Structures are given as C-alpha cells and as structure tokens.
Chemist: 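Before I ask anything, let me first share the structure, which is written out below as structure tokens.
Letters A, B, ... are given to chains in the order of the sequence lines, protein chains preceding strands, and every chain is numbered from 1. The structure presented is a predicted model; accordingly, all values stated were derived computationally and were not measured.
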Amino acid sequence: MTTKVLATISNRSLRNGLWQFNSLIMSKPNTQCIVNSCMNNLTSHRCYNIPAHCKYSNTFEKLQEYMRGEDLLDKTEKDVVENETVEENPSDILANLNPEQEKTLKILKLEYQMMSEENPQNIPEEMTDSMWVELLKINSIIARSKLYRYYKSIENSKRKKKEEKEMKKESIEETSHQVEREHSFAKNTIFLRILDKTMNKSFSDRLTKSMQFGPHLVFDLGFEKQMKPREIKNTVKQLNMCHGENRWTKDPFHFVFTDTDPKGIFLNSFHTGNHGSGLGNCYTVTDKSYLDLFPKKDLVYLSPHAQRTLKYFNPNSVYIIGALVDKSVQQKVTLGKAKEQGISIVKFPLDLHLSWGIGNKCLTLDQTFKILLRLRETNDWKESLQFVPKRKLAEAEHPRNVGEYPKQRQQNNYKKRQYY
Amino acid sequence: MNICFRRKLAFAHPLIKSIQNVMSGELRKQYSVRPKSNGALMTFCRINHMFRSNFIISNSSYCNQPKQRQQKLNPYEIFREELKLTEQFLDKKHINFNEIDKVCKEYGTQARFWQTYCMDHFHHTNDINHGIKLMEYLEKHSSQKISLKTLTLFIALTGSSGHQYQNLVYTTFEKVLKITDVFDMSSIKYLIQGFCGTDNWRKSLEFLEMEKFQSTTKNAGIRSPIIIKALYEGDMSLAMKILQELAAEGNEPSQRVFVEMVEMAENKTGTVTIDTLLDLLREKRWYPDENTALKIKNYFLGLQGEEWQCLDTHIKNDGVCPCCGVNLPIAKFNPSDFENLKKDIMEKLIVASNVFHNSSPVEIKRFIEFLNTHGPFDVVIDGLNIGLCKTPLNPGVKLRLAVEYFTSKGKKVLVIGKQHMKNWKKESMRRIQEQAMLFYVDNISEDDPFILYAACHSGENTMIVTRDFLHNHSTRIGVEYQQLFNKWLQCRKIPKFIYTKSGEILIWEPNGHEIEPFHTTDSWHIPYRYEDGFKWLCLVK
C-alpha cells in the first residue's frame with residue numbers, strides 16, 4: 001500500500017516545525033505511506049491509550065503480558081507503583097552547608113571572580129545555584145576550569161539561538177504578507193491539511209504496534225556511575241536523536257531502557273516533558289536487567305572491542321546498545337559486562353566494507369542506531385554504513401589525510417594482508 | 001621536497017653523507033628535514049648531536065599530530081597590543097600615570113585592567129620604585145577601586161625586592177583583609193612570595209592550609225619559595241618535611257630550589273652543602289636541568305685549593321665512563337619491594353576495577369598455574385609485537401628467529417601471544433614450541449599486563465622483549481611503585497630490537513647501571529636531563 005499523499009503546509013504549522021514532514025517525504029521514498037496508514041487505523045486501534053504510569057512501573061511482568069497483546073488497561077490502573085524520586089532543590093542544598101563547605105564556596109566564588117577578570121572568554125557571565133553545586137564536587141583546578149568552559153559554550157549557543165529566533169521572526173513577518181497576497185482564497189486549498197496532533201498520533205500508533213509484536217532494541221543504561229554529569233547529558237541528547245529517527249520510519253523498533261538507577265539522573269530526564277525536550281510516549285523504562293526480560297540465547301551485545309563481526313540482521317535476536325559516551329572512560333566497559341554475563345558479543349564489519357583512515361572505531365549512539373535501522377530495511381552493508389562520519393575514512397579529503405603519511409599506511413596494510 | 005628518514009635508513013652510511021651535505025649549509029636553505037616517526041626522530045637527534053649542528057626540528061611533524069589551534073589572546077594581551085602600553089608608556093624612566101588613565105578611559109570597558117596590567121609588568125621586571133608610585137597614584141587620584149589582584153601582586157613585588165620594604169607588605173595585607181579573609185590559588189601564590197621576604201615568613205604556612213579546600217593534590221610551585229626561605233633560615237626539618245610531602249605524591253619541586261641550594265653552598269650560608277643536594281637527588285630520584293647542571297659545574301670549578309676537571313659525556317650501556325674509566329654501580333632491587341610491585345601489577349593492571357575488562361578469572365587461574373609449574377624464565381617475549389613489526393618477513397618466521405637467538409645463548413624463553421596466533425605458519429610455530437614455552441591469552445583480553453607479570457614473577461634478572469614503550473601501564477600503577485616500575489623497565493626492557501633483511505637480529509642491551517649521582521673518593525658522576533635522555537657530568541680531581 002504505497003500511495004502518494006501530499007500535505008499542505010499552513011503558516012501556523014510551518015512555525016511549529018511541520019515543514020520537516022514535507023521535506024522528509026520528498027527525500028525518503030520509504031516514508032511515503034506514513035500518512036496513509038495513520039488515517040486508516042488511528043481511531044480503531046485500541047492500544048493507543050496507554051496509561052502514562054505504565055512505562056514507569058517496576059513490575060515488568062505486566063509489561064511482558066502487554067507485549068503479548070493481552071488487555072491490561074484495567075489492571076495497571078489499579079496498582080500503580082509510584083516510585084518517582086524527589087529532586088532536591090539546589091538552592092536548598094546551598095542553604096544547608098557544613099562550615100567547611102561554606103568556606104570552599106567562598107573560595108570558589110573568589111576564584112570565579114579572579115578567573116573572569118583574567119580570561120573572560122572561557123568563563124560564563126551568570127552562575128546559577130545548580131552550577132555551584134556541581135562545582136563543589138570537583139577537587140582540582142583544571143577540571144573546574146574545563147567545566148567553566150563547558151558552561152560558557154552553552155551560554156554562547158543559547159545566545160546564538162535567541163538571535164536566530166529574532167531574525168526568523170522578522171523574516172517570517174515580512175514573507176507572510178507576500179504569501180497571503182499570492183494565495184488570497186481565505187486559506188482554502190485542494191490539499192489535505194494535517195495538524196501536528198494527528199501526526200503525533202500516527203507516530204505513536206506505529207510505536208504501539210512495535211511494542212506488541214515488533215523487534216525490541218535494548219539500551220543499557222547501567223553505566224551511569226562511570227560517567228560525569230556532562231556526559232550523561234550528552235547521552236540523553238543522543239537518545240533523543242535515536243527516538244526522533246525511530247518515529248519517522250515505517251516499522252520502528254521498540255525501545256527498552258534497562259538497568260536504570262531509581263535515584264539517578266537518567267530517570268529524571270525521562271520525566272521532563274514529552275514534547276521537544278523529553279522522549280515521546282511509547283517506550284519502556286525499568287530497573288531490571290535485560291537478562292530477566294528476554295531469553296539469553298537471543299541477546300546480542302554490540303561492542304566495538306568484540307572479535308566476531310555481525311553478518312546480517314537477525315529479526316529473532318534482541319540487540320543491545322550500551323548507552324555510553326566515553327570521553328573519560330578508557331576501559332572496555334561494554335565488552336567486560338557482556339563477557340561477565342556470557343552473552344554473545346558482536347561488532348560492525350567496519351574493516352571489511354570501509355577503508356579506515358584515522359580515528360577511534362567507537363561510534364556514537366545515533367550513528368549505531370541508524371546503521372541498525374538501515375540494515376534491517378535493506379540488509380545491505382554498504383548502504384547502512386554510510387552513517388559512519390566521513391572524516392574517519394581514508395578517502396575523505398581531510399587535510400590530515402592528504403599528506404604523505406596515510407599513503408604509507410595503506411601500503412603497509414596491503415603488505416600485511418598478503419601474509420594472512 | 002622532503003627528505004624522509006626511516007628506521008632502516010638510520011644505520012646506513014649514505015644517509016650520513018647526505019646529512020653532512022645538509023650540515024654544510026648549501027642544502028639547508030632549500031630543503032626542510034622532517035623525521036616522520038618517533039624512533040626516527042630519536043636517531044635523527046643522535047646524528048644531530050654527533051655533528052653538533054644547529055638544526056631545527058619542526059614540532060608539527062612530531063608523531064603526525066594535527067597542529068594546535070591558534071590560541072585566542074587574553075584581554076591583557078589584546079590590551080597591550082592595541083594600545084602598545086609597554087612601548088609608549090611603561091619603558092620610560094618617569095611614568096605619567098595620569099596620561100595612561102586618560103587613554104584607557106577612552107579605550108572602553110577593558111580599561112579596568114590597566115592597573116593590574118601595569119603592576120604585572122612591574123612584578124615581571126622587578127621595578128619596585130614604579131610600583132610604589134602606582135599605589136600612591138591609585139589611592140589619591142583615581143576613582144576606581146583597587147582590585148585584589150593588584151594588591152597581591154604588589155605584595156609579591158615588595159617581598160621579593162628587599163628586606164627594607166617589610167612594613168609595606170604588612171600594611172597592604174591589612175587592605176587585602178578588608179576585602180576577603182579567604183584566598184584562591186593564584187592569590188595564595190603571590191602572598192607566599194611576598195611574605196617569604198619578611199621576618200614573619202612562617203605566616204605563609206597558614207595560607208597553605210587554604211589549599212586543601214580547593215584541590216586534593218599539592219602544588220609544587222607554591223611551596224618552592226617557602227623551602228628556599230626555610231633553608232636560608234636554617235630550618236632544615238621544615239624544608240625536608242615539605243619535600244617529603246611532595247615526593248609522596250610523585251611531585252617534583254621547581255629547578256629554582258636546586259639552583260638556590262648550589263648558591264647557598266657557594267656562599268656558605270646556613271647548613272646547606274653540596275652533599276645535601278646530591279644526597280637528596282639520589283634519594284628521591286629527581287634529576288637536575290641543563291642550567292642547574294651548569295651551576296653545579298661552575299661550583300666545582302670555583303672551589304679554592306682544589307683542582308677539578310669537568311666534562312659532559314654520554315655513558316653507554318656498559319656503565320663505564322669514557323672520560324675517566326670509572327665503573328658505575330650495578331642496579332639492585334629490594335626483594336620485598338619487588339614482591340609488592342608484583343602484587344600491584346596484579347591489582348592495578350590485570351584485575352583493575354573489573355576482572356572482565358582485560359581478562360577473565362578462569363584465564364588468570366590458568367596463567368598462574370602455568371607459571372608455577374614451568375618455573376622462572378630468563379626472557380619473556382611479546383609474541384604479537386615482535387611478529388607483526390614492519391620488516392617484510394613472515395610473522396611466524398620472525399618470531400622463530402627471535403626465539404632461536406635467545407635459546408642459542410642458553411636461556412629459557414617464554415612467549416606470550418593470543419589464540420589467533422595458532423593460524424600462523426605451522427612449521428615455524430611447531431619449532432617455536434619445541435624450543436620455548438608458549439602461553440596463549442584469549443583474543444579479547446589484553447596481553448601486555450600478562451607479560452609484565454610473568455617477567456616480574458620469575459625474578460629480577462629476566463629480560464622483557466617488546467617494541468612497545470609501555471607508557472600507559474606506568475601511569476596506571478600506584479604512585480608508590482611508579483619509580484620502581486620505571487627503573488625496572490629502564491634496566492630490564494630491551495630498548496631496541498631490529499631485523500636486517502637477511503634475517504639477522506640486532507639488539508641494544510639495556511642499562512645495567514643505576515642513573516643517580518655516584519661518589520668515589522676523588523670523583524663525582526652526576527646525571528642530568530638532556531632532551532629525551534640523560535647526559536652525565538664527569539667531575540675528577
């Protein structure tokens with residue numbers, strides 16, 4: 001069932017960001033039947049109204065039954081497990097400090113003053129209470145100055161966004177008058193008009209299908225203690241990107257986030273907002289491990305340090321991605337965990353299909369997810385490995401790769417292969 | 001056109017000729033020499049030293065790293081460059097501060113830096129008279145507040161310039177106390193510099209207590225003025241206590257401390273002699289700089305009533321000084337310390353935070369049983385590293401040649417590799433198994449820590465054969481055993497291992513002697529840092 005449906009874009013929906021929809025339809029031929037499927041099944045599908053607490057429930061057996069397609073709406077409403085953690089207010093923490101900690105705070109504020117006098121390019125202009133709480137935990141000057149630099153970069157990006165918004169507002173106000181003159185039929189057109197609401201409904205509709213029957217993808221959130229808060233923020237951002245990509249596809253994955261800390265930052269980040277900042281509705285979060293949810297045979301861990309390579313996408317197996325941003329972690333954490341539990345470990349065949357130039361073979365979360373998605377659609381490695389960043393490849397015209405050195409490297413690799 | 005040096009070429013004769021041509025100066029203008037790898041750079045330095053030329057090696061080519069970004073200028077530097085403060089105003093004999101103030105007010109928001117910048121300049125050039133004039137001007141005429149940094153800088157200036165300015169330090173410190181009673185790291189540094197010039201120098205120990213709120217490690221740069229002052233006053237116990245604290249964390253005091261100690265010995269102030277310095281260097285394994293070595297040399301040349309002959313030399317692996325023929329002492333290891341090092345390698349490198357990151361408990365059990373049954377070894381070879389080096393020979397053949405080289409000398413050899421090495425050439429692997437012991441680690445786990453543990457287990461005298469520098473492992477080991485570990489690698493790891501095309505092996509044997517100051521009745525031998533390696537001062541009566 002692939003029928004072309006064209007959507008009109010009104011001025012209001014353009015502001016809301018629906019223009020992406022049109023561009024995606026034009027660019028990706030696979031996403032053409034999105035609107036068609038949603039229009040038919042939207043009202044009839046009963047599973048759309050998932051209770052909100054269902055995704056936070058600790059008893060996962062109910063969710064397992066739910067995956068099988070049994071009707072659980074009434075049961076889950078009764079026994080709601082409220083396990084939401086109360087976040088402490090940073091201003092309260094600063095008010096109740098030890099005399100020693102108060103002294104350190106005083107010193108840190110003086111240090112901030114001196115640093116901002118010396119080097120204002122790398123130090124933020126405004127400091128909030130939550131920033132001071134994080135700074136109190138650090139015990140070295142170099143790490144503190146790095147954190148200041150990070151805050152400054154956030155401040156700069158926020159300022160840039162504000163300026164861009166203002167520029168856009170001005171430009172839209174200018175163009176809107178012109179558009180009204182061109183189409184002066186009081187907003188009457190031949191094409192269907194689609195709101196954001198209906199689009200979101202269609203997306204979550206398809207996600208519910210995958211929750212019941214479809215392929216499951218596990219994100220292992222058990223590495224929270226080994227990361228810094230700044231890295232955790234980056235992982236949340238990358239997970240959001242994964243979810244955004246997942247919504248637009250024809251047959252999406254079902255995301256299962258396992259091993260979460262009930263008191264950690266990850267779980268709190270799921271609570272914050274369904275639109276924009278947080279993830280959408282249809283996914284599961286538990287504090288159980290993936291060994292309890294799925295049979296051990298089917299589990300496959302994806303890790304860059306593995307020995308065996310993945311040959312094709314197996315729809316019966318459940319793939320696990322370790323949610324880890326390793327700026328400071330240097331050990332092979334994901335490999336160690338999988339080895340300890342006795343799960344089969346697998347890596348992407350990067351060396352077989354690509355000529356690698358310079359760089360680490362660890363990929364980001366959204367890159368690995370995109371590769372998996374495209375592999376499942378096409379089962380073609382060359383197409384799916386296009387999401388590896390091109391600066392890491394040998395053919396790319398990166399200034400580092402143009403000189404004499406990589407040529408020598410390639411020759412050496414060629415010589416090595418002769419012997420094997 | 002770039003002339004490229006490789007490791008193979010470094011030992012060929014035609015290269016030396018070409019370098020001789022370059023040194024003569026005709027080619028130097030036209031071509032730039034760029035060594036590509038780390039080893040090539042070392043050989044290049046050696047050749048460079050042989051001909052004593054003024055050749056410059058470009059830093060960008062080192063290890064093929066990308067060039068560093070151009071750093072943005074500080075506001076101080078922007079301020080200085082755009083206004084040209086130093087040229088216009090500050091280099092004069094009589095400075096008119098009113099004029100600077102006027103110009104800076106026109107300049108804009110960054111004008112508030114002008115007082116700190118001026119004071120920084122005076123602190124750098126040790127110009128006390130202008131510093132006092134500036135403070136007088138700021139108090140009387142200017143409407144601006146005097147910032148904390150200018151006050152602390154002024155204290156540092158007055159303290160370091162002389163004993164007669166003591167009272168100025170105390171009065172300005174009272175002004176500082178009105179602003180804050182706690183201090184951050186940069187202001188502590190200046191305050192200590194200032195107070196060490198006065199009679200009340202023990203107050204600087206109070207500032208040191210403020211440091212523990214900010215950082216867990218102990219800064220060496222802050223403590224060096226206190227050490228120097230304590231030595232001048234004759235309080236040896238305090239100075240040695242601070243030095244001990246630094247040594248416990250693996251820190252090193254600045255070279256200025258050593259220079260001051262030499263000067264004290266020269267002028268015979270306090271209880272410091274040259275022997276206390278050299279004993280300290282020997283105990284803590286600190287090495288002097290090139291400049292401090294020159295100071296020590298001048299001290300010995302200037303001694304009255306004694307005639308000393310001083311020479312700079314390179315001492316090779318034999319441990320014999322080429323100038324006077326003295327044998328340096330052979331390196332020894334304390335057996336109890338060595339046992340502790342073995343435990344530390346097990347805890348920090350193999351087990352670490354989780355056993356499964358680098359290996360597995362089954363594998364470790366198998367490995368220890370293997371070591372206990374097959375006894376100590378004389379040589380431990382890193383099979384993968386030696387087999388897969390650059391020379392165009394079959395990896396199995398290369399390993400076999402290396403094993404045969406050591407077994408022909410009558411040594412017991414252990415080879416550690418990974419499971420996939422079983423797929424190498426079967427004949428050569430069979431012959432290796434006949435002559436030496438083989439241990440295969442799993443494909444996923446790391447093999448370097450196993451090699452280190454095996455060598456450490458079988459005793460002091462076993463050799464390690466790799467081309468790896470093993471720097472990353474030395475950082476992971478605990479602070480207490482880091483010096484021992486580095487010394488052990490220096491003495492027992494073979495520094496160079498090369499195949500020729502015909503299949504012969506060239507080996508540089510490691511240093512057998514200790515690298516520390518050595519004393520006989522009429523001679524001194526003192527090592528000092530020179531580029532990457534060491535050079536020696538040979539002093540004979």
Side-chain angles (χ1 to χ4, degrees), chain A residues 100-122 136 138-145 225-226 303 305-308 329-342 345 358 398-400 403-406 408-409 412 415-416 418-420, chain B residues 2 4 6 34 36-37 61 64-67 72-76 110 112-113 116 147-149 152 179-187 210-217 219 352-360 388 390 392-396 419-420 423-425 442-446 472 476:
Chain A
E100 277 196 9
Q101 284 177 328
E102 272 184 22
K103 205 172 182 183
T104 50
L105 222 182
K106 239 181 175 182
I107 292 170
L108 289 184
K109 279 181 177 173
L110 196 100
E111 193 185 65
Y112 166 75
Q113 230 181 60
M114 299 287 266
M115 274 183 169
S116 61
E117 211 174 277
E118 266 180 39
N119 210 353
Q121 299 141 342
N122 295 330
L136 271 173
I138 301 169
N139 280 329
S140 80
I141 295 169
I142 297 166
R144 247 178 272 143
S145 61
K225 284 177 185 173
Q226 294 162 16
S303 164
H305 306 293
Q307 190 71 24
R308 283 170 57 217
V329 183
Q330 293 172 350
Q331 288 178 325
K332 305 166 181 175
V333 186
T334 51
L335 183 119
K337 193 174 181 182
K339 214 202 283 180
E340 194 176 350
Q341 290 164 345
I345 317 161
I358 290 168
H398 197 271
R400 235 184 287 160
E404 293 177 350
Y405 195 67
Q408 287 178 8
R409 255 195 191 181
N412 285 330
K415 277 176 189 172
K416 267 182 195 174
Q418 280 183 334
Y419 298 131
Y420 278 110
Chain B
N2 288 326
C4 184
R6 290 187 188 174
R34 282 187 173 183
K36 286 290 175 187
S37 66
S61 64
N64 206 40
Q65 280 177 348
K67 282 182 184 177
K72 285 178 184 176
L73 293 171
N74 279 332
Y76 289 119
Q110 282 175 336
R112 67 200 154 97
F113 294 126
T116 44
S147 68
L148 216 168
K149 192 156 192 189
T152 48
I179 302 171
T180 56
D181 54 341
V182 289
F183 304 106
D184 73 313
M185 212 60 168
S186 61
S187 54
M210 219 84 78
E211 191 197 12
K212 74 182 175 187
F213 293 105
Q214 306 171 44
S215 65
T216 49
T217 55
N219 195 336
S353 58
N354 190 357
V355 190
F356 291 94
H357 289 166
N358 295 331
S359 64
S360 62
L388 295 174
K390 273 184 181 177
L393 285 169
N394 192 296
Q419 295 280 355
H420 64 78
N423 301 333
W424 288 5
K425 228 180 187 181
D442 289 345
N443 282 336
I444 309 169
S445 49
E446 276 190 27
N472 53 344
R476 270 193 224 163

Chemist: First locate atom CG of Leu110(A), then atom OG of Ser186(B), and finally report the distance between them rounded to the nearest 0.5 Å.
Modeler: 8.0 Å
Chemist: Rounded to the nearest 0.5 Å, what separates atom OG1 in Thr152(B) from atom CE in Met114(A)?
Modeler: 5.0 Å
Chemist: For the CD atom of Glu211(B) and the CD1 atom of Ile141(A), what is their distance to the nearest 0.5 Å?
Modeler: 7.5 Å
Chemist: How long is the straight-line distance from CG of Asn358(B) back to CG of Leu335(A), given to the nearest 0.5 Å?
Modeler: 9.5 Å
Chemist: So what's closer than 4.5 Å to chain B heavy atoms on Gln113(A): side chain, backbone, both or neither?
Modeler: neither
Chemist: What part of Gln331(A) gets within 4.5 angstrom of chain B, counting heavy atoms only: side chain, backbone, both, or neither?
Modeler: side chain
Chemist: Counting heavy-atom pairs under 4.5 Å with chain A, which one of Leu148(B), Val182(B), Asn354(B), Val355(B) comes out on top?
Modeler: Val182(B)
Chemist: Could you tell me which non-hydrogen atom of Val333(A) sits nearest to which non-hydrogen atom of His357(B), and how far apart they are?
Modeler: CA-NE2, 3.8 Å
Chemist: Can you tell me how far the CZ atom of Phe183(B) sits from the NZ atom of Lys106(A), to the nearest 0.5 Å?
Modeler: 11.0 Å
Chemist: Drop me the distance from Met185(B)'s CE to Met115(A)'s CE, to the nearest 0.5 angstrom.
Modeler: 10.5 Å
Chemist: So which of Asp181(B), Thr217(B), Asn443(B) has the largest heavy-atom pair count under 4.5 angstrom toward chain A?
Modeler: Asn443(B)
Chemist: Mind ranking Ser215(B), Gly396(B), Ala352(B) by heavy-atom pairs under 4.5 Å with chain A and telling me who comes out on top?
Modeler: Ser215(B)
